[in-house]
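Per chain, numbering begins at 1; letters A, B, ... match sequence-line order. Every heavy atom of this structure was used, including side-chain atoms; hydrogens, water molecules and symmetry mates were not.
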Amino acid sequence: MADDGKATPEKKSWADVEEEEEAKAKAEAEAAADASSSAADAQAKQIEALSLSVPEEEEGGGGGGDEHGPPLLDDSDESQIQAVTSGGTVYESASAFEDLKLTQELLKGLHDEMGFSRPSKIQAVTLPMILTPPYKDLIAQAHNGSGKTTCFVLGMLSRVDPHRKVPQAICICPTRELAQQNKSVLTRMGKFTGITCACAIPPAQKDYVPISRMPSVTDQVVIGTSGTLIKWITHKKLATREIKILVFDEADHMLAEDGFRSDSERIMRDIQRSAGGCQVLLFSATFNDRVKDFVTKVIKDGNQIFVKKEDLTLEKVKQYKVLVPNERAKIDVIKDKIFEFGQKVGQVIIFVRTKQSTKDVHNALTLEDYVCSSIQGSLDQSEREKIIQEFKNGYTKVLISTDVLARGFDQAQVNLVINYDMPIKFGTRDEPDYEVYLHRIGRAGRFGRKGAVFNLLCGGTDNTVMRKIEDYFQHKVPEVRNWQSEEDFETALKDAGLVE
DNA sequence: AAAAAAT
């Protein structure tokens with residue numbers, strides 16, 4: 001009966017750089033002139049009650065790999081959110097997938113293949129917005145693990161014509177792993193529709209074929225990373241003429257981060273030119289003020305859903321500080337505490353700051369016969385896939401990773417996250433990367449499950465970073481009193497609900 | 001002092 005969290009794969013015209021700077025300056029001016037009616041604020045419908053209400057875990061019985069549906073919405077009034085949005089259109093929140101005029105094939109995929117019974121809150125609110133003509137753009141923020149993937153996957157599956165063998169939907173992701181994961185969700189959900197999906201990521205070396213010899217894409221949906229998508233478009237392997245819907249997963253990152261931003265702009269411009277525009281969906285758990293301001297200027301007339309940053313931390317994922325005297329002690333904590341307790345409870349991801357650190361930590365642990373694996377973006381593609389596969393299979397329990405897996409990676413059994421290094425903004429010493437922090441801890445507690453996070457802090461800088469994070473999210477993080485005490489760790493895991 | 005994406 002104490003069987004917890006079996007896989008529920010949640011399952012689930014355009015500004016130039018200069019214009020953005022201009023927009024930023026303008027926004028600041030506006031904000032100064034009239035704080036109460038800045039354009040972004042006025043339009044944003046802050047739906048604050050969007051946090052998922054998840055039933056207590058009540059899964060019984062074993063059953064390998066069988067999947068549960070998403071948590072049911074409460075039968076309270078809360079489940080009936082009415083969002084009045086841009087253009088005055090009123091959308092009725094969907095209390096059942098049946099309310100959405102989906103095809104029988106799609107409903108079958110949702111119920112039979114995915115095991116979903118009813119929409120999660122973010123799904124209930126956004127799906128009508130996505131699926132009701134006129135198809136308006138959407139910027140949607142919702143908590144980690146709350147079911148965003150299903151929103152845009154269902155959006156793409158509903159809007160493409162299965163009978164036309166031509167690309168009609170594109171989804172852009174920040175990492176290859178996320179692209180593959182999203183493709184896998186879409187393929188499962190669309191199992192009975194006949195819709196197919198191509199994954200636009202660089203091939204493993206062994207599968208390499210020159211782009212000139214690659215056949216044109218005939219799949220209705222293409223999900224990929226920005227560089228490869230651009231490559232396919234440039235070489236006329238991916239026609240954008242009939243694209244009806246364009247999705248940015250982890251949109252704050254894709255639209256605001258250097259490198260990604262220009263790629264994203266490029267793809268939007270291509271579609272704008274050849275297809276005359278299409279519905280654009282932006283999804284992420286994080287949109288900081290700066291990015292929110294930017295994206296609301298890029299996607300002007302869309303519907304918007306935002307969550308206050310103070311409401312973003314997941315209640316069921318307990319965070320802790322662990323003060324250690326030196327770097328070496330971090331390894332000891334992993335060995336003596338995390339391997340001791342953590343991997344018995346579920347799977348563990350250890351986040352480090354650099355690629356080199358993944359190797360260092362991995363080696364240090366391997367030297368002492370601890371079994372783990374590590375991943376970072378410089379590994380060969382086939383190696384990356386193998387490591388992910390082994391982790392998703394549950395074959396490996398402890399995975400050391402750079403921020404390549406910080407966003408979107410969905411593995412229900414992960415209920416423990418270790419911040420071996422705290423995330424800091426590039427070029428700074430003690431300025432936290434709040435978004436990365438939130439995404440990392442969101443790897444635990446998928447779909448309302450319980451989880452724990454241990455922040456390993458060594459020295460003044462780490463403490464400063466942690467304190468700023470607490471202030472930012474207005475969330476006090478308790479301390480594990482003694483890093484050497486087994487009891488203290490056990491108590492923490494008990495409080496988190498991970499051990500009896 | 002950087003993760004990521006890709007040529």
Side-chain angles (χ1 to χ4, degrees), chain A residues 170-183 199-205 207-212 214 222-235 237-238 248-268 270 284 286 291 327 349-362 374-385 387-388 399-409 417 419-443 458-459 461-462 465:
Chain A
I170 291 178
C171 172
I172 311 180
C173 312
T175 64
R176 303 172 191 182
E177 284 71 21
L178 196 47
Q180 287 169 318
Q181 180 180 287
N182 286 338
K183 178 192 161 165
C199 195
I201 63 172
Q205 268 171 18
D207 301 325
Y208 177 81
V209 288
I211 182 92
S212 56
M214 191 187 114
V222 183
I223 302 179
T225 49
S226 56
T228 303
L229 283 166
I230 288 177
K231 189 174 178 184
W232 287 13
I233 293 171
T234 319
H235 289 81
K237 301 299 182 186
L238 170 55
F248 289 92
D249 194 7
E250 307 298 341
D252 58 326
H253 202 238
M254 296 312 298
L255 292 187
E257 200 76 0
D258 282 339
F260 279 138
R261 182 175 64 188
S262 54
D263 284 356
S264 298
E265 287 171 349
R266 168 97 192 264
I267 293 168
M268 288 195 79
D270 269 324
S284 183
T286 51
V291 174
E327 287 294 319
I349 300 182
I350 301 171
F351 283 107
V352 298
R353 196 171 55 89
T354 64
K355 295 174 184 174
Q356 185 57 45
S357 304
T358 62
K359 297 176 189 168
D360 295 344
V361 175
H362 192 157
S374 59
I375 188 169
Q376 38 91 358
S378 296
L379 296 180
D380 184 76
Q381 180 58 22
S382 55
E383 190 68 12
R384 285 170 72 158
E385 284 172 19
I387 289 158
I388 292 295
L399 179 56
I400 303 156
S401 175
T402 59
D403 284 327
V404 66
L405 294 190
R407 285 173 174 260
F409 183 71
V417 166
N419 280 323
Y420 189 94
D421 300 311
M422 294 300 283
I424 51 171
K425 286 203 183 96
F426 177 64
T428 73
R429 211 172 61 88
D430 58 7
E431 190 53 30
D433 192 321
Y434 302 105
E435 285 72 40
V436 169
Y437 181 79
L438 200 83
H439 283 281
R440 281 183 180 183
I441 71 175
R443 293 322 96 208
C458 170
T461 308
D462 283 352
V465 168

Which residues share a salt bridge (charged side-chain N to carboxylate O under 4.0 Å, His left out) with D403(A), sequence neighbours left out: R440(A)
Can you name the residues that form a side chain to side chain contact (heavy atoms under 4.5 Å, CB included) with I424(A), not counting sequence neighbours? R353(A), T428(A), V465(A)
So, is S226(A) close to the dA4(B) phosphate, meaning a side-chain N or O under 4.0 Å from OP1 or OP2? no
With a 4.0 Å heavy-atom cut-off, tell me which residues in residues 171-180 of chain A come close to DNA chain B, sorted by residue number. P174(A), T175(A), R176(A)
Nucleotide dA3(B), atom P - distance to CG of D421(A) in whole Å: 10 Å
Less than 4.0 angstrom between a side-chain N/O of R384(A) and OP1 or OP2 of dA5(B), yes or no? yes
Spacing of D380(A) atom CG relative to dA5(B) atom P, expressed in whole Å: 13 Å
Does the dA5(B) base have a donor-acceptor partner in the side chain of H253(A) within less than 3.5 Å? no
Could you state the CG-C1' distance from D258(A) to dA4(B), rounded to the nearest angstrom? 12 Å
Which residues pass the salt bridge (charged side-chain N to carboxylate O under 4.0 Å, His left out) test with E177(A), sequence neighbours left out? R384(A)
Counting only side-chain nitrogens and oxygens, does K231(A) get under 4.0 Å of the OP1 or OP2 atom of dT7(B)? yes
Phosphate oxygens OP1/OP2 of dA4(B): is one of them under 4.0 Å from a side-chain N or O of T402(A)? yes
Can you check the Q376(A) CD to dA2(B) P distance for me, whole Å? 13 Å
Below 4.0 angstrom from OP1 or OP2 of dA6(B), is there any side-chain N or O of T228(A)? yes
Starting from C1' on dA4(B), measure out to NE2 on H439(A) and report it in whole angstrom. 14 Å
Just jot down the side chain to side chain donor-acceptor pair (under 3.5 Å) partners of E327(A), sequence neighbours excluded, or say none. K330(A)
Does R443(A) reach the main-chain N or O of V417(A) with its side chain, forming a donor-acceptor pair under 3.5 Å? no
To the nearest Å, how far apart are L379(A) CG and dA3(B) P? 12 Å
Looking at H235(A) and K231(A), would you say the former's side chain and the latter's main chain have a donor-acceptor pair under 3.5 Å? yes
Atom-to-atom span, CD1 of I201(A) to P of dT7(B) - whole angstrom: 12 Å
Would you kindly give the NZ-to-P distance between K355(A) and dA1(B), to the nearest whole Å? 16 Å
Considering residues at least two apart in sequence or located in another chain, which fulfil the salt bridge (charged side-chain N to carboxylate O under 4.0 Å, His left out) criterion with D207(A)? none
